[in-house]
Amino acid sequence: MYSKEEVLEYISSEDVKFIKLAFCDVFGVQKNISILSTELERAFKNGISFDASAICGFGDEANSDLFLFPDPSTIEVLPWRPTQGKVVRMICDIKNPDGTPFEADTRHILKNAVSFAKKNGIELKIGSEFEFFLFKTDDEGNPTKEPFDDAGYFDIAPFDRGENVRREICLTLENMDIYPESSHHEEGPGQNEIDFKHSDPLSSADNAITFKSVTQTIAAKNGLYASFMPKPVKNSSGNGMHINISLADKSKTDSFIAGILENIAGITAFLNPIKESYDRLGEKKAPFYITWAEGNRSQLIRIPAENGERSRFELRSPDPMANPYLAYALLIYAGTEGVINKKELAAPCNINLYSAEKAVTDDLPCLPKTLDIAFLLAKDSEIVKKYMPDRILETFGKVKDKSE
């Protein structure tokens with residue numbers, strides 16, 4: 001956790017020439033502006049202004065000025081840039097001209113969710129598992145539809161051709177003080193997975209955004225394209241972003257899970273935010289029914305067979321197109337409401353839902369089948385109404401309508 005003074009000293013003594021000020025739009029797409037190191041002190045004090053009307057959901061031409069304030073605790077050297085005249089990146093908070101937090105800054109929304117949970121006696125850690133496909137590129141560097149290999153789950157080289165790419169991604173992240181827990185080839189052709197250790201929700205979301213950027217950068221460096229789309233290859237496994245949550249006070253876990261299960265349908269539009277997200281759900285180990293069980297990978301929520309500090313529950317529906325700041329925030333709010341209202345967890349569903357008879361599954365609550373249905377449920381969700389700014393829902397709705 002570096003202070004502004006320590007960062008300024010580091011910039012001066014370590015030959016840093018450029019600072020990338022990074023932030024996300026409401027969909028979790030990373031943006032940035034580069035400033036010279038001589039401008040950093042001004043950025044800390046007054047912020048760096050930018051045209052918000054050019055960012056979807058951030059404003060219009062009549063209200064277009066917003067300011068980026070770098071968070072000194074997020075400073076990281078970009079290892080793939082020159083060692084002389086270094087380039088560092090800092091994630092920013094977004095503020096209005098009067099200095100108040102910008103309501104559509106999803107990082108600020110997550111901070112509020114963490115504070116809300118803490119006020120209600122809940123401290124938690126989050127770690128996510130990311131799946132992605134590696135595709136070959138053409139002579140001009142554009143992605144093709146041809147996966148990088150035909151390997152399967154846990155295969156090794158030479159069948160697994162992504163091994164060295166994953167290794168480079170993990171080492172690059174380690175150089176940025178982000179520590180992956182494991183990596184392997186997934187079930188689909190060209191499909192890979194990298195998992196992360198649990199950390200506080202804000203750091204976990206910051207790391208998720210950084211991970212996607214690093215993965216795409218390293219893939220391009222190797223002449224490949226990394227896709228986080230939920231279903232980039234038909235008739236193959238889709239890409240999930242499994243979210244693992246661990247509460248410090250284990251006695252509150254059941255009520256926290258119950259709160260998520262009760263509200264999951266209404267927040268799914270933010271966990272699975274594009275039309276293709278719904279091509280993934282309900283097949284190839286992606287869940288569809290709103291159920292839970294221990295160890296069972298056909299469930300929406302499963303509790304892995306691990307104890308001690310690794311004890312956790314895993315939500316299996318989200319995909320990597322979700323904005324992690326919004327996803328984590330909504331799950332924290334839903335779970336905390338479950339604890340506040342002392343919700344009781346329903347009995348586990350100890351069956352394989354992928355092979356269960358229709359007579360069994362017809363009686364089970366399910367996730368929305370399309371983005372349209374998910375969006376209608378979001379508009380009626382008490383969690384969304386209570387904790388999400390209107391601007392966020394409006395922006396998601398406008399983009400959804402344009403894509404149809």
### Basic-acidic side-chain contact under 4.0 Å: E187, K284
no

### Beyond-backbone contact of L173 with N207, side-chain heavy atoms, under 4.5 angstrom
no

### Query
Side chains of L261 and K343: closer than 4.5 Å at any heavy-atom pair?
no

### Task
Measure the spacing between CG of L331 and CG of L315 and express it to the nearest 0.5 Å.
5.5 Å

### Query
Can the ring centres of H108 and Y325 be said to be less than 6.0 Å apart?
no

### Query
Going through the distances and angles, do T100 and D98 end up as a side-chain hydrogen bond (donor to acceptor under 3.5 Å, both in side chains)?
CA-CA 6 Å; T100 58; D98 64 1; 2.6 Å; yes

### Message
For K250, I'd like to know if atom NZ has over 12 heavy atoms of other residues, nucleotides or ligands within 6.0 Å.
### Response
yes

### Message
Can you tell me if D200 has over 12 outside heavy atoms packed within less than 6.0 Å of its CG?
### Response
yes

#### Entry: Atom pair CD/CZ of E146 and F135 - distance to nearest 0.5 Å
10.0 Å

### Task
Report the C-alpha distance between I264 and L271 in whole Å, list the side-chain angles of each, state the deciding distance to 0.1 Å, and finish with yes or no for side-chain contact (heavy atoms from CB on, under 4.5 Å).
CA-CA 9 Å; I264 190 69; L271 306 178; 3.5 Å; yes

### Modelled atom types, side-chain donor and acceptor of Y179 and S199, under 3.5 Å
no

### Message
Students often mix this up, so state it plainly: with edges at 30° and 60°, are the rings of F102 and F58 parallel, tilted or perpendicular?
### Response
perpendicular

### Message
Using 30° and 60° as the class boundaries, would you call the ring planes of Y387 and Y333 parallel, tilted or perpendicular?
### Response
parallel

#### Entry: Steps toward side-chain hydrogen bond (donor to acceptor under 3.5 Å, both in side chains) verdict (E382, N263)
CA-CA 8 Å; E382 291 303 316; N263 291 283; over 6 Å; no

### Query
Does atom CG of N235 have more than 12 heavy-atom neighbours, drawn from other residues, nucleotides or ligands, at distances under 6.0 Å?
no

### Query
Between the side chain of K398 and the main-chain N/O of G57, is any donor-acceptor distance below 3.5 Å?
no

### H185 and its side chain to side chain donor-acceptor pair (under 3.5 Å) partner, picked from D149, N192, D155
D149

### Query
Hey, does L40 have a side-chain heavy atom less than 4.5 Å from the side chain of P70?
yes

### Message
Which label fits F130 and F228: parallel for a plane angle under 30°, tilted from 30 to 60°, or perpendicular past 60°?
### Response
perpendicular

### Query
Is there a side-chain contact between I274 and P230 (heavy atoms, below 4.5 Å)?
yes

### Task
Verify the neighbour count for atom NZ of K385: are there more than 12 heavy atoms of other residues, nucleotides or ligands below 6.0 Å?
yes

### Query
So, K252 side chain and G121 main chain: donor-acceptor pair closer than 3.5 Å or not?
yes

### Query
Will you find, in the side chains of Q84 and D15, an N or O donor that is under 3.5 Å from an N or O acceptor?
no

### Task
Step by step, work out the side-chain hydrogen bond (donor to acceptor under 3.5 Å, both in side chains) result for T210 and R89.
CA-CA 10 Å; T210 303; R89 180 230 62 189; 2.5 Å; yes

### Task
Please check if the distance between the ring centroids of F133 and Y225 is under 6.0 Å.
no

### Query
Is there a donor-acceptor pair closer than 3.5 Å between any side-chain N or O of S317 and the backbone N or O of P287?
no

### Query
Is E186 paired with K285 through a side-chain N to carboxylate O contact shorter than 4.0 Å?
no

### Task
Please confirm whether the backbone N or O of G190 pairs with a side-chain atom of R161, one donor and one acceptor, at under 3.5 Å?
no

### Message
So does C349 get a backbone contact from the side chain of Q299, meaning a donor-acceptor N/O pair under 3.5 Å?
### Response
yes

### Task
Go through the steps to decide whether C56 and T395 satisfy the test side-chain contact (heavy atoms from CB on, under 4.5 Å), and finish with yes or no.
CA-CA 7 Å; C56 184; T395 302; 3.8 Å; yes

### Gap separating the OG1 atom of T106 from the NZ atom of K111, nearest 0.5 angstrom
11.5 Å

#### Entry: Distance (rounded to the nearest 0.5 Å) between T172 OG1 and L78 CG
10.5 Å

### Query
Near F44 CZ, under 6.0 Å, is it more than 12 heavy atoms from other residues, nucleotides or ligands?
yes

### Message
Walk me through whether N272 and D319 qualify under side-chain hydrogen bond (donor to acceptor under 3.5 Å, both in side chains).
### Response
CA-CA 6 Å; N272 306 96; D319 66 60; 3.2 Å; yes

### Query
Using the ring of each side chain (for Trp, its six-membered ring), is F256 parallel, tilted or perpendicular to F313, with breaks at 30° and 60°?
tilted

#### Entry: Salt-bridge criterion met for R107 and D206 (N-O under 4.0 Å)
yes

### Y10 vs Y2, ring pair (Phe, Tyr, Trp, His ring centres under 6.0 Å): CA-CA, chis, key distance, verdict
CA-CA 10 Å; Y10 175 83; Y2 298 105; 7.5 Å; no

### Task
Decide if atom NZ of K212 counts as having more than 12 heavy atoms of other residues, nucleotides or ligands within a radius under 6.0 Å.
yes

#### Entry: Interatomic distance, S311 atom OG to H198 atom NE2 [nearest 0.5 angstrom]
8.5 Å

### Message
How about CD on E181, more than 12 heavy atoms from neighbouring residues, nucleotides or ligands closer than 6.0 Å, or not?
### Response
yes

### Message
Measuring from atom CD1 of I194 to atom SG of C170, what distance do you get when rounded to the nearest 0.5 angstrom?
### Response
4.0 Å

### Query
Is the side chain of E6 donor-acceptor paired with the backbone N or O of S3 at a distance under 3.5 Å, no angle test?
yes

### Steps toward side-chain contact (heavy atoms from CB on, under 4.5 Å) verdict (M229, M321)
CA-CA 6 Å; M229 291 292 285; M321 296 306 290; 4.0 Å; yes

### Query
Does the D279 side chain pair with the main chain of K275, one donor and one acceptor, at a distance under 3.5 Å?
no

#### Entry: Ring centroid separation F396 to F375 under 6.0 Å
no

### Donor-acceptor contact present, side-chain D105 to main-chain D93, <3.5 Å
no

### Check: I303 main-chain N/O paired with W292 side-chain donor or acceptor under 3.5 Å
no

### Message
Do the side chains of E276 and K231 get close enough for a salt bridge, i.e. N-O under 4.0 angstrom?
### Response
no

### Query
Hey, does the side chain of D25 reach the backbone of G28 with a donor-acceptor pair shorter than 3.5 angstrom?
yes

